[in-house]
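This report refers to the structure that appears directly beneath it.
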Amino acid sequence: MHSLLTCSSIIPSSPPFLLQSHTPKLTHFPQLNHITPHNSQHLKLTHFLKPHANPKPPLFYFNLHLQLYINAGFMQEARNLFDSMPERTLISWTILMSGYAKHGPSTEALALFKEMLSSGDNHKTRLRPDSYVYAVVLRSCGEMRELGFGKGVHGQVLKKGEAFLDGFLENSLVNMYSSCGQLEDAVLIFDGIEKPGLVAWSSMLSAYVKNGFEKEGLSVFLDMVSKEIKLDAFVFSMVIKACSNLEELNLGIQVHGLMVKKGFGKGSCLFLDNSLMDFYAKCKDLKGLRKVFDQLHEKDLVSWNTLIMGYVHNFYYFEALRNFRVLMHDICYCDDFTITSILKAISSLHDMGYGRQVHGYIVRTGFVSNSYVMCSLLDMYIECIEHESWEQWEKVPLKVYAGLERGEANQCIIIASMLKWCSLLSNLDAGKVFHSLANKLAVDSDPYVISALIDMYSKCGVPEAALRVFERVENPGTVTWSALISGLSWNGWFVEALTCFNKMQLNGIEANEFTLTSVILACVALGDLRKGRELHCKILKTCYESNVSIVNMLINLYSELSDHQQALKLCSLVSDAEISWNLLIQASLKANDYEMIHKLLGRIQSCFGYLEPISVCDIFRSCSSPVLLNMGMQAQAYMTKRGLLSHPTSGNGLIQMYSGCGQIAEADLVFESMPEKSSPCWTSIISAKVEHGHPSEALTLFNEMRRRNKLVDSSTLKSILKACSQMGRVDEAHSLLMSMEVVYGVKPSEEHYSCVIEAFTRAGMLEELENFIDEVVVDKNDTKIWNTLLSSARVIGNMDMAKFALEKLLEIDPNDCFANLMLGKVLVMFGKWKDASKTKTLGPNSSCIEVQNKIFEFVSDQKPSEEVLYKLGEIEREMDELGYVEDRNHLLHDAEEEEYDGAGLGHTEMKAIAFGLLSLPHRTPVRVIKSVRMCGTCHHACKFMSTFVDRELVVKDNCTFHHFRDGKCSCRDSW
């Protein structure tokens, strides 16, 4: 069988025989030259068929007038004329059939073809279709996807022999088979064409693209270019569509360049330029989209719609609204496509005010009769209602629905939308009404209505009803299963959600994006990392391994279940702009991987990634260390540049960062400059004041906080109790503890008890302390209580109390190395050498300092460099010259440190300070962080050093901050 490839859409509007030389030209009738669809409605047969001029008009005039009706698109008038014709030739049948093929309905073209074949009294008078008639019929078969009818016509053509085939017929065969999804047959026909021309190549290209084989279609296009086939606008439109579907931006730009070279660029073909705009929009190249639009000499409504939909598709909703305003100002009208696009933008922006303006335009222009527009309007109100006052807007969707319920079109979509509205408001009663209405309208079996019902009952807290709806579905599909699994997860039925997911897989139902995200959420809620990893493996075998929503949910899974390294690996599957940076930052913070947070911040800066205020706070918290001050200041500069510091949560993080870096003055400045101070901000600055040895200022801030009716929480009260302890206000601390649950609604915890214990101990009220522990403290097996007692004993040097606290700690945890070591030193003081020899020892400790954005660590069992040793010797000699006397009355403070003979300059913090004095500019503060409590000897030495080094020395140990200035420490020698 000879086959051919053509583009059946390029069929002349009139058959060839009307254009033959023996046919009278239209110029013989000058009045017909200006017939248009606009004025042809006044066309009457009497204009040409006047009885006195031509009592029996020839058949030619009937056919001519029939063609005029077809060209104007008046198919009913054409049919009436055809039925009144005294006789009909093949030309008459062909004109009317081609009209139905062009304007529709195509069913009439096929019916007319059957009627023509059966017309005539005998075999001799019966009309015989020519190739053009068959081409028209095949085109109609393709439009209706009537493969059986088309194959029958193909069979008739084959019976007439190869000589009967011509270009029109071959193109129509290719188009018919490709439109019916029979691409192999279309290719077979094309391969049989001896010398395919432009139309044949175009048909093959169109066949591939229309059937989803864009790569093969592009291959055909490249063959056309290599064979130097002349390209037309239709070919370029198909190639642009293929590039658009594949999102092949680079190839599409090359095709665009070729178009310009061939003379199709810069507004020469509006249809093609609109296709180019659609291509750039789908490839997310909005600059290219705008450039093509701006170069158009003439812009039609399709051009504006493509521009607006392109912005909406790429989430540039404000730009879409701006261009919509320009459209309405310049053209003053739009169509239903424009309105549905702009309503989607409004829904995404939750701009109820703008939506109401568009609603007014819809009413004024009569679009209320367009069911698609009204459904979009309904969805807009439902989406916006979640972000507005329900009392004010909750009845608006009902009013919109009232205008829709009289019609029958789109009932499924309408009912599903109203059920979604019920779920947003958790309005179970209204949901039941629409459920009954769905039953009445017989749309309760529609998959989307079923899914909306399941979602409604789930969101209204009745998962049992959702299950009953699901169980009545005979063959539930992906959408229905997804709605059920999502609903079960919503109601906390996570085990049931996983069970349903397993049943779904056993039934061979493919999961979609929403199913997988709901199941991942269930795994997170159950803390089931193993199940989550199994699900991850299944996702890798599907097409969802790079889906943005699913990847971000997997990042959340691994982040929440303490595998942040795996979460970081998933980032490579999506672009930086689509990564959920907030989840990664939270995961890294949870794992104390501050270095990773700083690397993530660098990537966020390069891609301008989205950050929530809580993530900004987390970034600042990751810099809360004296050795990370420079990093924190760089982060502050970046957040300021992006305008991310206006939110109170971000400011709260900045206060915590400066406090953690030992910069209490800067923390105070940040707090004072905040236009809005939230309760957490007050808590943070109060905590900072206490931590840096300013308890009186903390109490003043607390009083001001209460005066402004800010919320006082557990952390606030802990800081205030600690401030009372530092100032010796025992009665005030005790009174606050006993009244906090009544006054502030905060139940005392072990941390609050510990602060009061510290207050009693520092005040030397040991008898009251014993009564407090016996009568007030609830959980006496909490290590924090006894660690606080031990710490206080160290401060006041009470060996008996320290021994008692250590014994309690070892009762709770016999393997506590620190308690063992401390007990050993205490036993030595009591002369119990044998018992002391049985205690355990601690490992090495370290101190760190930051110099020029690099952190240097000094470990206790490692020897520093010669320069550091020389500097230590130099400091020791200067201290001796100034009359320094070593204070060794710090047995309990020296427990964590290794033994050292000398002036107390051999410990790690002293090595770090010496390195800082060598490396940092003059008068620059030296900030050191130490892994264990600072020993008394080094503490005494640092106080003396601060009198002559001409700079502030800051040491942060595991207890508190030590700011050494002018021979004094901010801790007031109590640490």
Side-chain angles (χ1 to χ4, degrees), residues 205-206 208-210 212 214-215 217-222 224-225 231-327 329-331 334-335 337-338 340-342 344-345 348-349 546 548 574-579 606-610:
L205 172 61
S206 175
Y208 275 123
V209 175
K210 286 182 178 178
E214 288 86 359
K215 292 184 178 179
L218 292 175
S219 179
V220 170
F221 171 72
L222 294 176
M224 293 176 69
V225 174
L231 308 175
D232 62 1
F234 177 79
V235 171
F236 279 119
S237 69
M238 285 291 103
V239 176
I240 287 297
K241 183 178 180 182
C243 295
S244 176
N245 293 344
L246 294 172
E247 296 186 6
E248 282 284 353
L249 178 60
N250 293 332
L251 181 58
I253 292 174
Q254 295 178 46
V255 173
H256 187 181
L258 182 61
M259 286 169 51
V260 175
K261 185 178 179 181
K262 296 291 184 181
F264 291 100
K266 296 187 177 180
S268 61
C269 179
L270 186 58
F271 151 72
L272 203 51
D273 288 326
N274 289 337
S275 298
L276 271 172
M277 290 170 61
D278 182 66
F279 155 72
Y280 281 115
K282 290 182 178 177
C283 290
K284 301 177 176 61
D285 185 358
L286 298 184
K287 290 183 178 179
L289 166 69
R290 188 77 213 190
K291 186 175 181 180
V292 174
F293 179 81
D294 291 339
Q295 289 177 348
L296 294 179
H297 302 304
E298 177 187 355
K299 301 178 179 72
D300 62 2
L301 192 54
V302 176
S303 308
W304 282 99
N305 284 344
T306 305
L307 179 71
I308 292 171
M309 285 189 288
Y311 282 124
V312 173
H313 177 74
N314 288 281
F315 315 112
Y316 282 72
Y317 303 120
F318 287 109
E319 194 66 22
L321 292 178
R322 189 185 69 80
N323 282 279
F324 176 68
R325 294 190 192 97
V326 176
L327 166 66
H329 180 269
D330 293 351
I331 301 182
C334 61
D335 60 10
F337 294 102
T338 323
T340 52
S341 297
I342 213 66
K344 183 177 180 182
S348 301
L349 293 172
S546 58
V548 176
V574 293
S575 65
D576 281 359
E578 296 172 319
I579 293 174
S606 63
C607 73
F608 207 74
Y610 172 72

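- The backbone N or O of Phe271 lies less than 3.5 Å from a partner atom in the side chain of Ser275, making a donor-acceptor pair.
- In this structure, the separation between CD on Gln254 and CG on Leu249 is 10.0 Å, given to the nearest 0.5 Å.
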(Q) Let's go through Phe324 and Cys334 carefully: what are the C-alpha distance in whole Å and the side-chain angles of both, what is the deciding distance for side-chain contact (heavy atoms from CB on, under 4.5 Å) to 0.1 Å, and is it a yes or a no? (A) CA-CA 9 Å; Phe324 176 68; Cys334 61; 4.2 Å; yes
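- In this structure the side chain of Val239 never reaches within 4.5 angstrom of the side chain of Val209, judged on heavy atoms.
- Two residues are said to be in side-chain contact when any heavy atoms from C-beta on lie closer than 4.5 Å; Leu327 and Leu307 fail this criterion.
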Q: Carefully, step by step, assess Phe221 and Leu231 under the rule side-chain contact (heavy atoms from CB on, under 4.5 Å).
A: CA-CA 9 Å; Phe221 171 72; Leu231 308 175; 3.9 Å; yes
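- In this structure, Val312 and Tyr317 have side chains that are in contact, with non-hydrogen atoms separated by less than 4.5 Å.
- Side chains of Asn305 and Val302 form no contact here, defined as non-hydrogen atoms less than 4.5 Å apart.
- Atom CG of residue Asn274 and atom CD1 of residue Ile240 lie 12.5 Å apart, to the nearest 0.5 angstrom.
- Between atom CE of residue Met309 and atom CG of residue Leu289 there is a gap of 11.0 Å, rounded to the nearest 0.5 Å.
- Remark: Phe279 CZ to Thr306 OG1 distance equals 14.0 Å, nearest 0.5 Å.
- Counting heavy atoms from C-beta on, the side chains of Phe337 and Leu301 never come closer than 4.5 Å.
- Within a 6.0 Å radius of NZ in Lys262, other residues, nucleotides and ligands contribute 12 heavy atoms or fewer.
- A distance of 6.0 Å separates NZ of Lys210 from CE of Met238, quoted to the nearest 0.5 Å.
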**Q.** side-chain contact (heavy atoms from CB on, under 4.5 Å) assessment of Leu286 paired with Glu319
**A.** CA-CA 11 Å; Leu286 298 184; Glu319 194 66 22; over 6 Å; no
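- For the pair Val326/Trp304, a side-chain contact is recorded, criterion being any heavy-atom separation below 4.5 Å from C-beta on.
- The two residues Asp278 and Ser244 come nearest to each other via the heavy atoms OD2-OG, 3.9 Å.
- At least one side-chain heavy atom of Tyr311 sits less than 4.5 Å from a side-chain heavy atom of Arg290.
- Nearest heavy-atom pair across Val225 and Leu258 is CG2-CD2, 4.4 Å.
- Note that CD1 of Ile308 is 14.0 Å distant from NZ of Lys344, once rounded to the nearest 0.5 Å.
- The shortest heavy-atom contact between Leu218 and Cys243 is CD2-SG, 4.1 Å.
- For the pair Ser303 and Met277, the tightest heavy-atom approach, listed with the atom from each and the gap, is O-CE, 3.2 Å.
- Side chain of Asn314 to main chain of Ala281: a donor-acceptor pair is present (N/O by atom type, distance under 3.5 Å, no hydrogens or angles).
- Looking only at side-chain heavy atoms (C-beta outward), Ile253 and Tyr280 come within less than 4.5 Å of each other.
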Q. Checking side-chain contact (heavy atoms from CB on, under 4.5 Å) for the pair Leu251/Leu246: CA distance, chi angles, key distance, verdict?
A. CA-CA 10 Å; Leu251 181 58; Leu246 294 172; over 6 Å; no
